[in-house]
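Data block below; observations after.
The residues of the chain are indexed from 1 along the displayed sequence. Just so we're clear, the structure is a prediction, and the values are computed from it rather than from any experiment. Heavy atoms only: backbone and side chains are in, while hydrogens, waters and symmetry mates are out. Both ligands and their constituent atoms are indexed starting at 1 by order of listing.
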Amino acid sequence: MKPFTDILQNKEFTREELVKLLSAGDEERRQLFVQAQLVKSETVGNKVYLRGLIEFSNKCGKDCLYCGIRKNNNKVVRYELTDQEILEACRFAWLNRFGSVVLQSGEISSPTFVKRIDLLLQKIKELSNGELGITLSCGEQSAETYQQWRQSGTHRYLLRIESSNPELYRKIHPDNDFHSYERRIQAIRDLKECGYQVGTGVMIGLPFQTVYDLADDLLFFKAIEVDMVGMGPYIEHEDTPLYEFREMIKTKQERFDLALKMVATLRLLMPDINIAAATALQAIDPAGREKALTIGANIIMPNLTPCEYRKEYQLYEDKPCLDEDAEMCRNCLEARIELAGCEIGYSEWGDSKHFKRRQ
Ligand code: 5AD
Ligand code: FES
């Protein structure tokens, strides 16, 4: 195999080469990060785009074995923001020149829910003179629903594959049709067909996951020509079935380091996509997201969920910023992004260059 420094100059990567990058030791990792930073500034530049995150409901019909808000976790108090609360958070985002918002929730697909989102999308467009970009992250829905929401004004959708290895996927989800790998792949295809900019991603450091799985995840992103990726460390949650396997996973620090290497390697593999600095990074290291911005990520999702609800949206333990209000988060964020050597793209949608190119 080629020497590490030569692999860094590749445009195409084999599975083995990706594994080598992901397995980099200290000195090699430093080189990987330098190269990813270079590729980033040459292709997508140094701007970071803001997506105000509104976790508008933790009601979920699914039971993913890793997730703190799974249906069968009855310790969670279920909430739903009112339309007014959602619209206020959107107004905050717009007034503070965030280019976009992300509306995220558990997975519900009742006709009432679908209709409600539809109306909200129209209202958000209205209140911001059509300026605020809207991303949805509401799980698997029918192609018709995706179509309807697309027409009502959303243009990006996030749906992580969680793991691209079907066997591993089955290990971290209940074994039934409602949690099917094939169905999830179909949903991602449907989103692309509806004309969305599609974001997907995986968790890093899952029980049973190998570095080969992670290399395959990266190749999967490339194969499906995804526009955006958000991926972060898996963080065990006491009230979930996967907690049982906590002894077999890497340390938090190792998962964090691996997540950064995934971000940097992905930047080399897909130079012109948008890569989010995942919030889960911050649950391990307070400066985790900024570190990701320095080595390849270009999107950050400040949390705009009203504080009183945040503790009920704990997908994993130690979720950060549980009691900071949106304004404080914005100020500290700005300083930290500048420290990371980046500049905020205020009032810009910051669409994926990759999406524009494939149009
Ligand atoms: N650790 C890390 N990330 C998690 N997510 C859900 N549960 C966890 C966990 N325990 C991620 C999933 C999901 C996203 C919204 O949050 O990848 O797609
Ligand atoms: Fe809600 Fe997985 S637990 S979608």
Side-chain angles (χ1 to χ4, degrees), residues 51 53-76 78-80 102-109 113 135-141 157-164 168-176 178-181 183-184 187-188 191 198-209 214 217 220-221 226 228-246 249-250 252 255-256 258-259 262 276-285 288-289 292 301 303 305 310 312-320:
R51 319 275 189 238
L53 175 64
I54 307 168
E55 299 152 332
F56 68 92
S57 170
N58 66 355
K59 294 181 184 166
C60 189
K62 277 187 151 175
D63 244 332
C64 305
L65 304 181
Y66 45 84
C67 183
I69 65 166
R70 61 199 300 270
K71 185 173 179 225
N72 272 322
N73 182 7
N74 50 28
K75 290 196 191 163
V76 173
R78 301 291 162 172
Y79 73 84
E80 207 168 302
V102 178
L103 296 188
Q104 190 177 76
S105 69
E107 191 174 305
I108 301 287
S109 33
F113 180 83
T135 306
L136 283 177
S137 175
C138 303
E140 292 165 31
Q141 305 286 344
Y157 203 102
L158 308 178
L159 187 67
R160 287 186 176 180
I161 186 67
E162 314 297 357
S163 166
S164 66
L168 177 53
Y169 190 93
R170 274 188 272 282
K171 286 192 179 130
I172 61 171
H173 293 95
D175 179 18
N176 59 36
F178 196 42
H179 295 82
S180 134
Y181 177 83
R183 173 72 192 91
R184 197 147 189 103
I188 295 175
L191 286 165
V198 179
T200 191
V202 295
M203 285 174 287
I204 298 157
L206 286 161
F208 318 107
Q209 189 183 47
L214 291 171
D217 289 338
F220 169 83
F221 301 150
V226 78
M228 319 175 281
V229 170
M231 51 184 177
Y234 161 69
I235 299 173
E236 63 277 27
H237 190 302
E238 199 179 347
D239 303 318
T240 62
L242 219 57
Y243 195 67
E244 183 190 331
F245 302 104
R246 65 190 175 283
I249 58 179
K250 297 180 194 304
K252 278 194 177 160
R255 279 173 269 159
F256 179 86
L258 196 49
M262 280 287 279
T279 310
L281 291 166
Q282 202 188 352
I284 298 182
D285 178 336
R289 290 184 305 177
M301 296 164 61
N303 197 337
T305 311
R310 288 195 200 176
E312 303 302 344
Y313 204 89
Q314 295 235 53
L315 307 178
Y316 42 83
E317 291 172 358
D318 302 322
K319 204 161 164 254

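Annotation: Y234 places no N or O atom under 3.5 Å from an N or O atom of ligand 1; distance criterion only. Here's the thing with Y66: one of its N/O atoms is less than 3.5 angstrom from an N/O atom of ligand 1.
Between F56 and F113, the ring planes lie parallel to each other; the angle is under 30°, not in the 30° to 60° tilted range.
The main-chain N or O of M301 is never found under 3.5 Å from a side-chain atom of R51 such that the two would form a donor-acceptor pair. A distance-only check finds a donor-acceptor pair linking the side chain of E107 to the backbone of E140 [under 3.5 Å].
The nearest protein atom to atom 2 (Fe) of ligand 2, hydrogens excluded, is given as C64 SG, 2.1 Å; this is a heavy-atom distance. Closest to atom 10 (N) of ligand 1, if we only count protein heavy atoms, is I235 O, 2.8 Å. Looking at atom 4 (S) of ligand 2, its nearest protein heavy atom turns out to be C60 SG, 3.5 Å. Shortest contact from atom 16 (O) of ligand 1 to any protein heavy atom: L315 CD1, 3.3 Å.
Here CD1 of I284 is found 4.5 Å from CD1 of I235. Values are rounded to the nearest 0.5 Å. Taking CD1 from I249 and CG from L242, the interatomic distance works out to 8.0 Å, rounded to the nearest 0.5 Å.
Within the 4.0 Å heavy-atom criterion, the part of R160 lying near ligand 1 is the side chain and not the backbone. Within the 4.0 Å heavy-atom criterion, the part of Q104 lying near ligand 1 is the side chain and not the backbone.
Residues M262 and V229 are not in side-chain contact: their nearest non-hydrogen atoms beyond the backbone lie 4.5 Å or more apart. The side-chain heavy atoms of E312 and R78, taken from C-beta on, include no pair separated by under 4.5 Å.
For the pair R310 and Y313, the NZ or CZ position fails the cation-pi test of under 6.0 Å to the six-membered ring centre and within 45 degrees of the ring normal.
Atoms of ligand 2 lying under 4.0 Å from at least one heavy atom of R70, given by number and element, are 3 (S). Listed by number with element, the atoms of ligand 1 under 4.0 angstrom from any heavy atom of E162 are 12 (C), 13 (C), 17 (O), 18 (O).
At least one heavy atom of P233 sits less than 4.0 Å from an atom of ligand 1. Residue contacts with ligand 1 include M203, since one or more of its heavy atoms lies under 4.0 Å from the ligand.
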